[in-house]
Asker: 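Pasting in a structure now, in structure tokens, and then I'll have a few things to ask.
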Amino acid sequence: MTAAPDPAAPDLATAPAAPDLIARLRTALPAESLLTDPDVTASYAHDMASFCAAGTPAVVVLPRTVEEVQHVMRTATELRVPVVPQGARTGLSGAANASDGCIVLSLLKMDRILEIDPVDRIAVVEPGVVNAVLSRKVNELGLFYPPDPSSWEMCTIGGNIGTASGGLCCVKYGVTAEYVLGLDVVLADGRLLKTGRRTAKGVAGYDLTRLFVGSEGSLGIVVRAVLALKPQPPQQLVLAAEFASTEAACAAVCKIMEGGHTPSLLELMDRTTVRAVNAMAQMGLPETTEALLLAAFDTPDPAADLAAVGALCAAAGATEVVPAEDHAESELLLQARRLSLTALEAVKGTTMIDDVCVPRSQLGALLEGTARIADKYGLTIGVCAHAGDGNTHPTVCFDAQDPDESRRARASFDEIMALGLELGGTITGEHGVGVLKKEWLAREIGPVGIEVQRSLKQTFDPLGILNPGKLF
């Protein structure tokens with residue numbers, strides 16, 4: 001399907017030649033902040049998504065201050081030049097891909113943790129702070145920043161905000177949007193907008209903060225964020241349960257959630273994923289299983305919680321239930337889950353990672369449907385999932401050098417998204433729309449939804465210079 005063109009989209013084809021643009025940028029930026037070597041700028045052209053076109057940037061800018069970001073946006077507005085904001089480029093939807101002749105605005109150098117307040121339980125950070133760096137820093141003070149994408153050792157807070165990232169612990173603690181209290185945002189014309197608050201509560205005016213979270217850099221440039229923190233919980237213990245079918249594993253997930261349990265993590269790996277992890281890391285996971293369910297609790301008595309969940313798994317048909325005895329064993333199991341996507345990529349060399357989220361009650365139907373789609377197209381498709389919140393990652397493995405296999409990979413990817421919508425789900429639970437899924441956004445939200453979203457885009461970015469070609 002093809003998304004309808006935006007009738008209000010401006011014509012950026014008359015953007016100035018690169019020398020004029022760079023000369024204007026240099027008036028208020030240090031020389032080391034501007035990258036113009038084509039071989040270097042080409043390395044900033046795209047994120048980690050497959051099947052997403054990327055253009056050739058005119059320049060890459062690495063600002064260190066809010067004022068430098070404002071100068072970039074004022075220059076871009078005056079010269080009608082598109083701007084593509086970027087973090088660590090670990091995204092999986094093409095949202096950070098360059099446009100021809102654009103300014104790539106990499107925020108990696110804005111990487112300061114400005115404040116951590118244990119009383120108000122907030123952190124104030126710049127967008128280039130790496131998720132894991134922040135997490136470890138607040139841990140030192142007995143605090144906890146829950147959002148933990150699989151790429152947490154590399155991805156940045158600004159990127160997490162832009163794509164509304166999730167992670168392994170979302171089932172208990174929620175996603176990035178629930179931890180962003182306030183933002184400083186540089187608008188398309190260079191003005192600085194402050195949204196939200198530092199307080200625990202606040203309902204003054206429209207919730208502009210939530211509007212920017214997940215907007216993929218299409219409404220403004222986040223240059224500072226006030227993040228909510230929680231007290232650090234006890235170390236979690238993990239349980240692994242083997243199942244002879246994905247249907248039984250998904251039934252166990254439903255029983256766990258129906259029973260009122262609040263695991264800190266509830267993850268599923270199918271047989272294909274388990275075998276891929278073993279092949280890459282020799283972790284000794286049970287390759288005879290059709291599905292491996294990992295459940296964790298960070299409660300005061302995690303062993304008792306694991307015992308209760310283990311009984312539910314056994315009743316649902318688990319062939320073996322193995323609770324970890326200590327934190328080290330738990331971390332080993334979690335490492336296997338975190339390696340899933342990397343391991344699946346090694347199967348054929350290239351992957352397309354879907355991000356379909358369905359109601360928990362439909363999780364089994366999605367996995368069964370994905371298996372049928374894999375058979376239909378003769379492809380290897382492994383599934384790992386944040387099972388506790390219904391967010392699945394069917395991962396299509398293919399040889400990018402084989403045109404027919406690449407075609408089948410793209411077709412299977414689209415069929416999985418269609419299946420997700422049929423089951424009452426959404427095309428993306430945490431990766432965003434970007435380039436990869438923008439044709440599907442129109443199907444999910446409908447023509448009125450697209451019209452309203454375009455009107456919001458027009459309000460914040462009347463010239464259409466912020467990350468053009470993304471979302472819709």
Asker: Got more than 12 heavy atoms from elsewhere within 6.0 Å of CZ, R408?
Answerer: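 Enclosed: over 12 neighbouring heavy atoms sit under 6.0 Å from CZ of R408.
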Asker: Is a side-chain N or O of D148 found less than 3.5 angstrom from the main chain of C169, in a donor-acceptor match?
Answerer: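 Judged by distance alone, yes, a pair lies under 3.5 Å.
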Asker: Using modelled atom types only, decide if a donor and an acceptor are shared between the side chain of T27 and the backbone of A23 within a distance under 3.5 Å.
Answerer: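 Flag not set: sc T27 to bb A23 has no pair under 3.5 Å.
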Asker: Counting N and O atoms only, with roles assigned by atom type, does the side chain of D355 sit under 3.5 Å from a partner on the main chain of H431, one being a donor and the other an acceptor?
Answerer: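 Yes, the answer is positive, given that a donor and an acceptor are paired below the 3.5 Å cut-off.
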Asker: Strictly below 4.0 Å, N to O, side chains only: are R410 and E415 in salt-bridge contact?
Answerer: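 The answer is no: the pair does not qualify as a salt bridge.
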Asker: Salt bridge or not between R360 and E258? Use side-chain N to carboxylate O under 4.0 Å.
Answerer: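 Result for this pair is no, no salt bridge flagged.
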Asker: Can you confirm whether E115 is buried at CD, in the sense that more than 12 heavy atoms of other residues, nucleotides or ligands lie under 6.0 Å from that atom?
Answerer: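 More than 12 within 6.0 Å, yes.
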Asker: Check this for me: does any side-chain nitrogen of one of D404 and R407 sit under 4.0 Å from a carboxylate oxygen of the other?
Answerer: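 Counted as a salt bridge, because a side-chain N and a carboxylate O are separated by less than 4.0 Å.
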Asker: Per the side-chain hydrogen bond (donor to acceptor under 3.5 Å, both in side chains) rule, what does the pair list look like for residues 65-74, sequence neighbours excluded?
Answerer: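 Listed once each, the pairs would be none.
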Asker: What residue among Y377, F413, F51 forms ring-ring contact (aromatic ring centres under 6.0 Å, His included) with F398?
Answerer: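 Of Y377, F413, F51, ring-ring contact (aromatic ring centres under 6.0 Å, His included) with F398 is met by F51 alone.
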Asker: Within this structure, what is the CG-CG distance for the pair L168 and L265, rounded to the nearest 0.5 Å?
Answerer: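 If we round to the nearest 0.5 Å, L168:CG and L265:CG are 5.5 Å apart.
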Asker: I'd like to know if the side chain of N97 and the backbone of A53 have a donor-acceptor N/O pair within less than 3.5 Å.
Answerer: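 Pair found, side chain donor or acceptor close to backbone of A53.
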Asker: Would N160 and T176 satisfy side-chain hydrogen bond (donor to acceptor under 3.5 Å, both in side chains), going step by step from the backbone distance to the final call?
Answerer: CA-CA 7 Å; N160 294 168; T176 296; 5.1 Å; no
Asker: For D354 and K437, what are the C-alpha separation, side-chain angles and deciding distance, and is it a salt bridge (Lys or Arg N to Asp or Glu O under 4.0 Å)?
Answerer: CA-CA 10 Å; D354 224 323; K437 296 188 174 184; 3.2 Å; yes
Asker: Between E216 and K470, does any side-chain N to carboxylate O distance fall below 4.0 Å?
Answerer: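 So E216 does not pair with K470 through a salt bridge.
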Asker: What's the separation between atom CG in L366 and atom OG1 in T246, rounded to the nearest 0.5 Å?
Answerer: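 It comes to 10.0 Å.
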Asker: Are any of the side-chain heavy atoms of V125 and L114 separated by less than 4.5 Å?
Answerer: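 SC-SC contact between V125 and L114 ruled out.
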Asker: Got more than 12 heavy atoms from elsewhere within 6.0 Å of CD, Q401?
Answerer: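 Atom CD in Q401 is not packed in, count stays at 12 or less.
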Asker: For I465, does its backbone N or O pair with a side-chain atom of D461 as donor and acceptor, under 3.5 Å?
Answerer: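 At least one qualifying donor-acceptor pair exists.
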Asker: A side-chain contact here means heavy atoms from C-beta on lying under 4.5 Å apart; do P231 and R121 qualify?
Answerer: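 Yes, side chains in contact.
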Asker: Kindly list each side-chain donor-acceptor pair under 3.5 angstrom involving residues 380-389, sequence neighbours excluded, with atom names and distances?
Answerer:
from : atom 1 : to   : atom 2 : distance (Å)
H386 : ND1    : E267 : OE1    : 3.0
H386 : ND1    : E267 : OE2    : 2.8
H386 : NE2    : H393 : NE2    : 3.4
H386 : NE2    : E430 : OE2    : 2.8
D389 : OD1    : N391 : N      : 3.4

Asker: Rounded to the nearest 0.5 Å, how far does CG of D47 lie from OG1 of T163?
Answerer: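 Between T163 OG1 and D47 CG, I get 10.0 Å after rounding to 0.5 Å.
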Asker: T392 versus L363: any side-chain heavy-atom pair under 4.5 Å?
Answerer: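 SC-SC contact between T392 and L363 confirmed.
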Asker: Given E444 and T426, is the side-chain hydrogen bond (donor to acceptor under 3.5 Å, both in side chains) satisfied, shown in steps?
Answerer: CA-CA 7 Å; E444 178 171 335; T426 175; 2.8 Å; yes
Asker: Check whether any side-chain heavy atom of C102 lies under 4.5 Å from a side-chain heavy atom of V104, and answer yes or no.
Answerer: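 Side-chain contact under 4.5 Å: yes.
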Asker: In Å and rounded to the nearest 0.5 Å, what is the CE to CD1 distance from M48 to I353?
Answerer: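 Between M48 CE and I353 CD1, I get 7.0 Å after rounding to 0.5 Å.
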Asker: Let me confirm one number: the OG1-CE distance from T262 to M257, rounded to the nearest 0.5 Å.
Answerer: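 Between T262 OG1 and M257 CE, I get 8.0 Å after rounding to 0.5 Å.
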Asker: Is there a donor-acceptor pair under 3.5 Å between the side chain of S165 and the backbone N or O of P149?
Answerer: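 Not at all, since once roles are kept as given, no pair shorter than 3.5 Å links the two residues.
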Asker: With a 4.0 Å cut-off, would you call R24 and E78 a salt bridge?
Answerer: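 Salt bridge flag = yes for E78 with R24.
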Asker: Report yes or no: do N467 and S218 form a side-chain donor-acceptor pair below 3.5 Å?
Answerer: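 No pair is found: no donor N or O on one side chain lies under 3.5 Å from an acceptor on the other.
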Asker: Could you tell me if the side chain of F212 sits less than 4.5 Å from the side chain of F460, heavy atoms only?
Answerer: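 Answer yes - side chains close enough.
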Asker: Does CD belonging to E247 count more than 12 external heavy atoms closer than 6.0 Å?
Answerer: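 No, not enclosed.
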Asker: Considering only NZ, NE, NH1 and NH2 on the basic side and carboxylate oxygens on the acidic side, decide whether K194 and D184 come within less than 4.0 Å.
Answerer: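 Salt bridge present between K194 and D184.
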Asker: What distance do S412 atom OG and K376 atom NZ have between them, rounded to the nearest 0.5 Å?
Answerer: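 Between S412 OG and K376 NZ, I get 10.0 Å after rounding to 0.5 Å.
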Asker: Could you walk me through whether Q236 and S264 satisfy the side-chain hydrogen bond (donor to acceptor under 3.5 Å, both in side chains) test, starting with their C-alpha distance in whole Å, then the side-chain angles of each, then the deciding distance to 0.1 Å, before giving a yes or no?
Answerer: CA-CA 8 Å; Q236 63 184 1; S264 54; 2.6 Å; yes
